[in-house]
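Only one structure is covered here, and it is reproduced in the block below.
These numbers were taken from a predicted model, which means no experiment stands behind them. For reference, positions follow the sequence shown, starting with 1.
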Amino acid sequence: MMEIRGLAYVVAESSDLDRWVGYARDVLGMMPSTTADGDLLIKMDERQFRFQVQPGSNDKYSASGWEVANKEAFEQALKVLQAADVHYEMGSPELCAKRHVQQLAVVMDPSGNRHEIVWGFKSDFVHFASPQGVSRFITGDYGLGHTVLPAPDFDKTVAFARDVLGFGLSDIYNFKPAGDAGPTIRIHFFHCANGRHHSLALAEFPSAAGCVHVMVEVDNMPEVGRAMDRMQKSQVKLSATLGQHTNDKMISFYMKTPSNFDLEFGYGGAIIDWDQHITHEFTTVSLWGHDFSVGRPESKQQEA
């Protein structure tokens, strides 16, 4: 089996890097810096980056970086891909240098999402000092957070996540946007080798932005409130009001990124003992709050 330890990073494309600089610094409270080749690295812990934004003509999500423990685990991951007859491409030295890793393998899932399997992240361990005074983001052994990806070819993509990438099913949600009489949109939540309720979720619909949302987590509730204040001050579009999810217990709100996918900013996510966890179907997204009607009309499909 392949053992992914967590979401190492996400990559986005932007037609306006200056918007991302302001968003990262003034709203998220992270540390943006620009590389010699024009990429934007966004730092939220001791690593050089967790978000990498590349200049381009589109505003969209580009890739998810999944970390394994070491070279042996990486070689095992390649064996799993070969045994499953899944095409992969090894990252060039230039791409590995750009991502600050020792090695990298690129695979595409059946819905066209790009996954980068990596090991050996390079870091100078420069202290993270939030320009907005954010105490810290919850990363470390739990990875960056989670990402929710579009999976219109749902069954094949779920099988790929489970049988190839090695994710375990945490919970499921059958979303009925038109009520009980309407069609069902499936959303499945997956964990890897850490305690986050989910590091990946797959949603049975397309997304022009290439991603439904990415979640980042802070270590106390006042940081969530202060982020909401900064969002309003910077006139960033709110996608969902403050609320608490049923599945991972996260208290959070959602807002738009400059690359058009949403970002969930939250606190208090559950840490799961997978030996004790029982997979279930939850029938409502939130215990309270999370009004997605404040966002764009199609945001009803982005609420999980």
With side-chain contact (heavy atoms from CB on, under 4.5 Å) as the test, would you mind laying out the steps for Asn70 and Val68 before giving the verdict?
-> CA-CA 6 Å; Asn70 49 39; Val68 298; over 6 Å; no

[atom1] of [X]: more than 12 outside heavy atoms within 6.0 angstrom?
| X | atom1 | answer |
| --- | --- | --- |
| Asp219 | CG | yes |
| Gln235 | CD | no |
| Lys156 | NZ | no |

For [X] versus [Y], what's the shortest heavy-atom pair and its separation?
| X | Y | answer |
| --- | --- | --- |
| Asp39 | Gln52 | OD2-OE1, 4.0 Å |
| Met2 | Val164 | CE-O, 3.4 Å |
| Gly266 | Val224 | C-CG2, 3.8 Å |
| Ala12 | Ser62 | C-OG, 3.7 Å |
| Gly210 | Pro150 | O-CD, 3.5 Å |
| Pro32 | Val21 | CG-O, 3.8 Å |

Output yes when a side-chain donor or acceptor of [X] lies under 3.5 Å from a complementary backbone atom of [Y], and no otherwise.
| X | Y | value |
| --- | --- | --- |
| Thr139 | Gly143 | no |
| Thr34 | Gly38 | no |
| Asp109 | Thr157 | no |
| Gln48 | Asp124 | yes |
| Ser123 | Glu46 | yes |
| Glu204 | Arg186 | yes |
| Glu13 | Gln54 | no |
| Ser170 | His197 | yes |
| Glu67 | Ile4 | no |

Hey, quick one: are [X] and [Y] part of the same hydrophobic cluster, counting side-chain heavy atoms closer than 4.5 Å, chains of contacts allowed?
| X | Y | answer |
| --- | --- | --- |
| Leu149 | Val118 | no |
| Val148 | Tyr9 | no |
| Tyr88 | Trp119 | yes |
| Tyr23 | Val218 | yes |
| Met31 | Val27 | yes |

For this output row, return yes or no: ring centroids of [X] and [Y] closer than 6.0 angstrom.
| X | Y | result |
| --- | --- | --- |
| Phe253 | Tyr267 | no |
| Tyr254 | Phe265 | no |
| His188 | Phe154 | yes |
| Phe167 | His191 | no |

Taking C-beta and beyond as the side chain, do [X] and [Y] meet within less than 4.5 Å on heavy atoms?
| X | Y | answer |
| --- | --- | --- |
| His100 | Leu41 | yes |
| Arg196 | Met215 | yes |
| Phe261 | Val214 | yes |
| His115 | Leu165 | yes |
| Met221 | Leu242 | yes |
| Thr147 | Trp66 | yes |
| Val285 | His245 | yes |

Within the 3.5 Å criterion, strictly below it, is a donor on [X] or [Y] matched to an acceptor on the partner's side chain?
| X | Y | value |
| --- | --- | --- |
| Thr279 | Asp171 | no |
| Thr241 | Asp291 | no |
| Ser15 | Asp59 | yes |
| Gln102 | Lys71 | no |
| Thr284 | Tyr173 | no |
| Asp37 | Thr35 | yes |

Taking atom [atom1] of [X] and atom [atom2] of [Y], what is their separation to the nearest 0.5 Å?
| X | Y | atom1 | atom2 | value |
| --- | --- | --- | --- | --- |
| Asn247 | Ile187 | CG | CD1 | 10.0 Å |
| Ser259 | Phe51 | OG | CZ | 10.0 Å |
| Ile117 | Leu104 | CD1 | CG | 8.5 Å |
| Asn194 | Ser199 | CG | OG | 4.5 Å |
| His198 | Leu169 | NE2 | CG | 12.0 Å |
| Ile278 | His280 | CD1 | NE2 | 10.0 Å |

Does NZ or CZ of Arg162 come closer than 6.0 Å to the centre of the six-membered ring of Phe190, within 45° of the ring's axis?
->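 No, Arg162 does not lie over the aromatic ring of Phe190.
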
List the atom pairs, donor and acceptor, that lie under 3.5 Å between side-chain atoms in residues 125-133 and the rest of the protein, sequence neighbours left out.
from   : atom 1 : to     : atom 2 : distance (Å)
Ser130 : OG     : Gly29  : O      : 2.6
Ser130 : OG     : Gln132 : N      : 3.1
Ser130 : OG     : Gly133 : N      : 3.2
Ser130 : OG     : Val134 : N      : 3.0
Gln132 : NE2    : Arg25  : O      : 3.3

Relative to each other, are the rings of Phe121 and Phe49 parallel, tilted or perpendicular (30° and 60° limits)?
->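 Tilted.
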
Pick one: which of Gln244, His146, His290, Glu217 meets side chain to side chain contact (heavy atoms under 4.5 Å, CB included) with Met250?
->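 It is Glu217; the other options fail the test.
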
Indicate yes or no: does Arg230 engage Asp26 in a salt bridge with an N to O separation below 4.0 Å.
->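 A salt bridge is absent here (no side-chain N lies under 4.0 Å from a carboxylate O).
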
Salt bridge between Arg50 and Asp45, side-chain N to carboxylate O under 4.0 Å?
->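 Yes, charged N to carboxylate O under 4.0 Å.
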
Do Asn174 and Glu281 pass the side-chain contact (heavy atoms from CB on, under 4.5 Å) test, and can you show the C-alpha distance, the side-chain angles, and the key distance before you say yes or no?
-> CA-CA 8 Å; Asn174 290 316; Glu281 176 187 348; 3.1 Å; yes

Could you walk me through whether Val10 and Tyr61 pass the side-chain contact (heavy atoms from CB on, under 4.5 Å) test, one step at a time?
-> CA-CA 8 Å; Val10 300; Tyr61 186 98; 3.3 Å; yes

Could you check Arg5 against Cys192 for side-chain contact (heavy atoms from CB on, under 4.5 Å), going step by step and ending with a plain yes or no?
-> CA-CA 6 Å; Arg5 292 294 182 89; Cys192 55; over 6 Å; no

Does Asp229 have any salt bridge (Lys or Arg N to Asp or Glu O under 4.0 Å) partners at least two apart in sequence or in another chain, and if so, which?
->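 Result, salt bridge (Lys or Arg N to Asp or Glu O under 4.0 Å) vs Asp229: none returned.
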
